[in-house]
Number of protein chains: 2
Amino acid sequence: MKSCGLVVEYNPFHNGHLYHVKEARKITQADVIIAIMSGSFLQRGEPAIVDKYHRTKMALQSGVDLVIELPYAFAVQNSRLFAKGAVQLLHALNSTHICFGSESGKIDPFMTHYKHMKQNKSQYQHTLKSLLSQGLSFPAASKHALEITLPELSLDITKPNNILGFSYVKEILDANLPIQIHTIKRIHNDYHDVKITNSIASATSIRTELFKEKSSQQAIQSTIPQTTHKQLMSYKKKVGIWHHWEHYFPYLHYQVIKMSTNDLAQIEGVDEGIEHRLKRTATSANSFTDWMEQLKTKRYTWTRLQRMFVHILTHTTKQQLEPLKELNKMPYIRVLGMNTIGQKYLNEQRNRRIAPFISRYSSNMHPLLAIEEKVSRVYYCPLPHNKQKKMIRQEFRGPIIERN
Amino acid sequence: MKSCGLVVEYNPFHNGHLYHVKEARKITQADVIIAIMSGSFLQRGEPAIVDKYHRTKMALQSGVDLVIELPYAFAVQNSRLFAKGAVQLLHALNSTHICFGSESGKIDPFMTHYKHMKQNKSQYQHTLKSLLSQGLSFPAASKHALEITLPELSLDITKPNNILGFSYVKEILDANLPIQIHTIKRIHNDYHDVKITNSIASATSIRTELFKEKSSQQAIQSTIPQTTHKQLMSYKKKVGIWHHWEHYFPYLHYQVIKMSTNDLAQIEGVDEGIEHRLKRTATSANSFTDWMEQLKTKRYTWTRLQRMFVHILTHTTKQQLEPLKELNKMPYIRVLGMNTIGQKYLNEQRNRRIAPFISRYSSNMHPLLAIEEKVSRVYYCPLPHNKQKKMIRQEFRGPIIERN
């Protein structure tokens with residue numbers, strides 16, 4: 001069976017994602033579409049609006065055949081590590097194709113960019129280092145370093161999806177993996193859009209509308225498949241909320257006030273002495289957003305701070321993640337859900353798979369999976385206690401199987 | 001000025017405490033009554049019903065002249081360490097008298113008991129050790145060891161106030177401190193009473209009545225001074241609650257699910273592998289009380305478990321407390337409140353005091369005081385965020401001064 005991998009968050013699954021699934025299948029003629037999906041917390045350092053199981057159902061009901069979890073250790077990271085985890089998972093699954101959405105929409109500029117970067121690597125890294133030492137944030141510094149190193153850019157790497165796409169390309173080519181790379185052009189919306197203007201809208205704009213006190217059901221429903229709408233409603237009915245950073249503010253605040261600055265400095269993403277500012281601002285902040293505003297500087301971007309806060313909330317230390325970053329192959333493949341096609345594909349792979357399939361927790365978990373369990377428990381903390389118990393049971397129960 | 005010290009929790013201040021203050025003044029002819037009071041969390045491992053400042057006001061309005069904080073490191077501990085902290089504080093304040101309530105009501109049995117214990121120390125300790133190794137809880141083992149070592153007991157040390165009183169006596173005589181010891185008989189109530197039957201009722205029974213959905217105002221008011229009633233009401237009006245373990249359950253649960261068993265084992269009071277049972281029961285427990293019921297065994301008494309939970313909640317490690325337990329003198333004296341008499345006494349002591357007076361936090365705090373600040377912040381966590389901020393400000397503002 002021919003397979004194509006997509007790297008996704010589906011927060012929530014919308015019409016743009018549906019287009020992506022269909023186009024990927026068309027371009028690659030794949031028999032099976034595999035989604036590598038982040039779990040409870042996402043790359044920009046936010047809790048997923050609904051849990052991984054409801055997002056898995058959305059995917060399976062809209063054309064995805066197999067949903068695999070991108071471990072937390074890679075999911076809440078910069079684009080390099082995020083891409084590394086996702087690509088290595090696809091490789092472990094013997095996926096021979098990848099298809100990502102980008103602002104560019106053409107694969108050649110990515111390939112050219114990779115070649116140029118490789119040729120000018122040392123000059124680029126030297127410039128980057130010098131710009132970082134001048135106090136620039138990483139995104140700004142890498143942009144300027146590129147402009148200086150490669151005055152004639154083939155790829156606009158100020159665009160978020162081009163950046164992420166390039167990270168996949170780089171990981172695949174650096175590791176020399178047998179994966180064919182495809183890209184499709186993102187249409188009708190900008191990643192950072194906060195307003196819905198079209199039937200293909202950004203996930204950000206859909207979430208913004210969902211969280212409004214009087215949200216427009218019509219606007220929302222025009223941008224998402226009916227099945228997504230059903231899952232969103234079902235989740236809220238079941239647990240009472242759609243997850244939002246403000247739900248975690250009491251826990252985050254509690255965590256920071258009781259930790260020493262030394263302990264805070266052990267947490268992933270707490271760097272360059274920000275632990276002192278964290279302690280100082282813990283009392284004055286009135287909400288999560290207020291806290292973010294107090295901490296934000298040119299150097300500490302919004303995303304970087306949010307990711308740091310996720311690691312503080314989940315108490316994920318540098319020490320825990322350090323060895324995992326050096327992993328050269330995935331230690332396991334965790335199946336969140338599949339349909340009959342996905343199941344058939346998995347059976348086909350059983351003998352030649354690179355990593356063991358895991359669908360339940362066991363007492364002897366890999367450290368990566370142990371982090372996952374803890375993170376899930378923290379994710380459900382804002383729910384009433386009886387609902388936490390109910391939701392956490394799913395984590396132990398195994399994958400969703402959608403008959404079609 | 002002649003001073004007499006009382007070791008108290010005032011949770012809340014009631015008619016029995018009022019009697020204690022009056023009797024202590026009468027017996028010792030002291031000019032100034034000093035209360036050494038626990039702060040946010042109490043010896044039996046519970047949050048104080050209202051904060052230390054409202055309890056300080058209750059005391060000052062009922063005849064106490066000076067209120068000094070017993071540091072958390074001593075306040076949430078077994079009777080030996082609790083007594084050590086309290087007695088050493090009184091000594092640092094040049095207090096020449098101590099008066100405690102006991103079931104016995106006579107000081108001679110305490111002295112005789114001390115003498116006998118000293119003479120038979122090694123035999124007692126040997127027996128105690130052997131009983132503990134058989135799996136008995138500490139209170140049960142020490143009771144049996146005593147019965148075996150000293151068949152003719154002069155003091156009934158199954159009574160909680162006799163136990164605590166004996167700890168004061170032991171600390172004073174062991175350290176050879178110039179403090180005269182007095183005791184008065186506790187009247188009309190048993191420490192563990194949960195029902196109000198008299199105008200002198202136990203604090204436990206008063207709290208039980210206060211927490212009832214339809215509490216009897218008449219029953220409560222008959223057992224506490226009017227000033228206590230006023231402070232209780234004022235606190236609830238200000239912050240919305242009287243503190244109860246169940247308010248902390250979400251934080252405690254969050255703390256345990258995200259900590260590893262190794263990290264849990266670093267916490268004060270987490271001993272003998274209970275960290276594994278803590279993790280296992282974290283999900284099944286539906287409330288704080290339910291959790292306690294699931295954990296309780298013959299060996300892990302209710303009080304021991306509650307103290308452990310306080311240390312988990314406040315993230316107080318063995319390493320943090322270890323050096324403090326070996327302290328031979330108090331590193332500072334923290335004044336919570338005083339009236340003009342108390343103030344005069346403090347002025348008199350300024351030149352001959354043993355430890356520095358502290359009334360505010362500073363950036364260069366003693367580790368003991370740094371723990372206090374953290375613990376206070378955790379104590380206020382169940383309040384709405386704006387109220388937490390308001391209450392925590394008091395901690396930095398300095399002592400209450402009651403003009404009379």
Side-chain angles (χ1 to χ4, degrees), chain A residues 246-264 266-267 276 279-288 290-291 311-317 319-320 363 367 370-371 373-393 395-396, chain B residues 246-264 266-267 276 279-288 290-291 311-317 319-320 363 367 370-371 373-393 395-396:
Chain A
E246 295 299 347
H247 295 125
Y248 297 91
F249 178 58
Y251 299 99
L252 190 65
H253 171 256
Y254 162 70
Q255 170 83 326
V256 171
I257 58 172
K258 73 175 175 45
M259 285 178 84
S260 67
T261 47
N262 279 346
D263 285 346
L264 275 169
Q266 311 301 315
I267 299 283
H276 301 284
K279 291 290 273 187
R280 272 204 306 279
T281 48
T283 309
S284 54
N286 289 311
S287 65
F288 178 76
D290 186 27
W291 206 351
H311 298 311
I312 293 174
L313 182 72
T314 59
H315 205 120
T316 307
T317 62
Q319 202 192 2
Q320 278 177 303
S363 51
I371 292 178
E373 191 216 332
K374 177 183 71 172
V375 165
S376 268
R377 289 184 186 273
V378 171
Y379 176 75
Y380 292 121
C381 265
L383 311 189
H385 201 72
N386 60 337
K387 291 185 175 161
Q388 286 182 46
K389 277 168 77 171
K390 202 172 144 186
M391 299 311 287
I392 209 73
R393 248 177 263 138
E395 290 274 343
F396 295 88
Chain B
E246 295 299 347
H247 295 124
Y248 297 91
F249 177 58
Y251 299 98
L252 190 65
H253 172 255
Y254 162 70
Q255 170 82 326
V256 171
I257 58 171
K258 73 175 176 44
M259 284 178 84
S260 67
T261 47
N262 278 347
D263 285 346
L264 275 169
Q266 311 302 314
I267 299 283
H276 300 285
K279 290 290 274 187
R280 272 204 305 279
T281 49
T283 308
S284 55
N286 288 312
S287 66
F288 178 76
D290 187 27
W291 206 350
H311 297 311
I312 292 174
L313 182 73
T314 58
H315 206 121
T316 306
T317 62
Q319 202 192 1
Q320 277 176 304
S363 51
I371 293 179
E373 191 215 332
K374 176 184 70 173
V375 165
S376 269
R377 290 183 185 272
V378 171
Y379 177 75
Y380 292 121
C381 266
L383 311 188
H385 202 72
N386 59 336
K387 291 187 175 160
Q388 285 183 45
K389 278 167 77 170
K390 203 172 145 186
M391 300 311 288
I392 209 73
R393 247 176 262 137
E395 290 274 344
F396 295 88

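First the proteins, then the strands, lettered A, B, ... as listed; each starts at 1.
- Between Ser287(B) atom OG and Asn386(A) atom CG the span is 12.0 Å, to the nearest 0.5 Å.
- With a threshold of 4.5 angstrom between heavy atoms, Ile392(A) approaches chain B through side-chain atoms but not through N, CA, C or O.
- Using a 4.5 Å cut-off between heavy atoms, Ala370(B) makes no contact with chain A at all.
- Between the OG atom in Ser284(B) and the NZ atom in Lys389(A) there is a gap of 6.0 Å [rounded to 0.5 Å].
- From Ser260(A), atom OG reaches atom CD1 of Ile371(B) across 11.0 Å, with rounding to the nearest 0.5 Å.
- Interface remark: of the candidates His253(A), Glu373(A), His315(A), Met259(A), His253(A) forms the most heavy-atom pairs closer than 4.5 Å to chain B.
- In this structure, OH in Tyr254(B) is found 7.5 Å from OG1 in Thr314(A), a value given to the nearest 0.5 Å.
- Side chain to side chain, Arg377(B) and Thr283(A) meet the donor-acceptor criterion of an N or O pair below 3.5 Å.
- Taking each heavy atom of Lys258(B) and Leu313(A) in turn, the nearest pair found is CD-O, 3.7 Å.
- For Asn286(A), the parts sitting under 4.5 Å from any heavy atom of chain B are the backbone and the side chain alike.
- Within the model, atoms SG of Cys381(A) and CD of Gln255(B) stand 11.0 Å from one another, a figure rounded to the nearest 0.5 Å.
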